[in-house]
Amino acid sequence: MPSGNLFDLGQAAPNSCRIDNPGSLACLEIPISGQGDSACFTVQIGRSHGAHAMDTICGQLGLDHKHCDLLFAQIGNCLREKNWDDAHTRFLRFSDAIKQHIRMEEKVLFPVFEQTIRHGTGPIEMLRQEHQQLRCIVDRMFDALINFHPADFLLHAESYALLMQQHCVKEEMLVYPLLDKVAAEQRTQIVHAMTEYSRAIAPSDEREITARLPSD
């Protein structure tokens, strides 16, 4: 287990990564597995608003994050209108989407990262822990929703939004662009594998979602 953490922008991990110009935008040199001690990939860490091609890992999963954000926002719209039935249905769509995204990352993307990037296990373990926290918060939100507890739902929704924002920064600013760079030759296969896995675990149709709604 490496002593450093690729996500800790406050200090460089010995023999793991070097940070030039710490702050809101950092430049990290990260060693690549199997390429010798001198082989590093340099990546800038910071919030990016640029568009990514859909045949990249950044493009594919960044769009997935935006899709989950949109579904999450639709729940709030329903609750503001006091439309609880519609909120239940939309929440299940959101829950399916975010949990499907998490499963796909853990089964397809994270193993590739750990096999490709030296010391990749440390940061990926942190992301896995955050995934588990997100799953728990989503389940708590659903419990609050089906029991008609709007205050509890809002509390958990705020926790989700904060954690998800921090989580997406780590993935979209480091993990995705790093893999796009160092696994460029396999990028098409990785994107295809992610797409096929997501399709395989997606709900079959709207009836499957509706069947899980609480009965009157």
Side-chain angles (χ1 to χ4, degrees), residues 52-79 85-115 120 123-146 153 156-180 183 186-214:
H52 298 283
M54 282 307 298
D55 61 347
T56 66
I57 296 168
C58 271
Q60 185 89 353
L61 297 185
L63 184 63
D64 214 13
H65 283 166
K66 290 181 176 64
H67 175 63
C68 292
D69 289 345
L70 176 61
L71 294 176
F72 186 57
Q74 290 174 349
I75 303 165
N77 294 337
C78 292
L79 292 179
D85 289 340
D86 200 18
H88 289 158
T89 302
R90 292 186 182 277
F91 187 91
L92 288 175
R93 291 181 188 144
F94 156 74
S95 178
D96 284 340
I98 190 63
K99 290 181 179 180
Q100 174 182 321
H101 173 85
I102 287 173
R103 285 178 62 190
M104 180 275 300
E105 286 189 334
E106 292 181 345
K107 295 295 185 182
V108 180
L109 192 73
F110 288 178
V112 174
F113 188 93
E114 291 172 320
Q115 293 165 13
I124 291 302
E125 181 57 32
M126 178 184 293
L127 292 178
R128 284 196 177 99
Q129 291 173 5
E130 291 180 356
H131 278 176
Q132 185 56 35
Q133 291 175 316
L134 289 168
R135 288 188 188 99
C136 290
I137 295 172
V138 169
D139 289 342
R140 290 177 192 144
M141 281 194 288
F142 187 58
D143 286 342
L145 193 62
I146 63 176
F153 180 87
H156 298 314
E158 289 177 344
S159 297
Y160 169 84
L162 178 60
L163 178 57
M164 190 62 178
Q165 181 184 34
Q166 297 169 346
H167 184 79
C168 287
V169 167
K170 295 169 189 172
E171 291 187 331
E172 294 180 17
M173 298 299 107
L174 177 60
V175 174
Y176 301 165
L178 186 54
L179 273 179
D180 272 327
Q186 294 81 36
R187 188 170 59 199
T188 300
Q189 293 94 317
I190 294 170
V191 171
H192 178 73
M194 293 190 305
T195 301
E196 290 303 308
Y197 186 85
S198 295
R199 287 174 179 168
I201 64 175
S204 59
D205 56 28
E206 188 71 15
R207 288 173 298 179
E208 183 176 328
I209 293 177
T210 305
R212 288 153 45 209
L213 290 171

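To the nearest 0.5 Å, atoms CD (Q189) and CD (E196) are separated by 13.0 Å. A distance of 12.0 Å separates CE of M164 from CD of Q166, quoted to the nearest 0.5 Å. Atom-to-atom distance recorded for L174:CG and F113:CZ is 5.5 Å, nearest 0.5 angstrom. Distance NZ/K107 to OG/S198: 13.5 Å, rounded to 0.5 Å. One distance of note links CZ of R93 with CG of L70; it measures 11.5 Å at 0.5 Å rounding. The CG atom of L92 sits 9.0 Å away from the CD1 atom of I75 when rounded to the nearest 0.5 Å.
Qualifying side chain to side chain donor-acceptor pair (under 3.5 Å) partners for R140, counting only residues two or more places apart in sequence or in other chains: none. Annotation: salt bridge (Lys or Arg N to Asp or Glu O under 4.0 Å) contacts of R128 (sequence neighbours excluded): E114. With sequence neighbours excluded, the residues satisfying side-chain contact (heavy atoms from CB on, under 4.5 Å) with Q132 are R135, C136. Residues satisfying the side-chain contact (heavy atoms from CB on, under 4.5 Å) criterion with V138, sequence neighbours excluded, are F91, F94, S95, I98, K99, M141, Y160. The side chain to side chain donor-acceptor pair (under 3.5 Å) test applied to H65 returns H101, E171, E172, Y176, not counting sequence neighbours. Every residue meeting the ring pair (Phe, Tyr, Trp, His ring centres under 6.0 Å) condition with H131, not counting sequence neighbours, appears here in chain and number order: F110, H167. T195 is linked by a side-chain contact (heavy atoms from CB on, under 4.5 Å) to Q60, V191, R199, counting only residues two or more places apart in sequence or in another chain. Remark: Q74 engages R90 in a side chain to side chain donor-acceptor pair (under 3.5 Å) (not counting sequence neighbours).
You'll find the side chain of D180 reaches within 4.5 Å of the side chain of R187, heavy atoms only. Looking at heavy atoms from C-beta onward, D55 lies out of side-chain contact with T188 at the 4.5 angstrom threshold. Considering only heavy atoms from C-beta on, L145 comes within 4.5 Å of L79 through its side chain.
Nearest heavy-atom pair, C78 versus D86, reported as atom, atom and distance to 0.1 Å: SG-OD2, 3.5 Å. E105 approaches P111 most closely through the heavy-atom pair O-CD, 4.0 Å.
Evaluation of the salt bridge (Lys or Arg N to Asp or Glu O under 4.0 Å) test over residues 60-76, restricted to residues two or more places apart or in two chains, returns none.
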* Asked: Given L61 and V175, is the side-chain contact (heavy atoms from CB on, under 4.5 Å) satisfied, shown in steps?
  -> CA-CA 11 Å; L61 297 185; V175 174; over 6 Å; no

* Asked: Under the side-chain contact (heavy atoms from CB on, under 4.5 Å) criterion, do K170 and M126 qualify, and how do the steps go?
  -> CA-CA 10 Å; K170 295 169 189 172; M126 178 184 293; 3.7 Å; yes

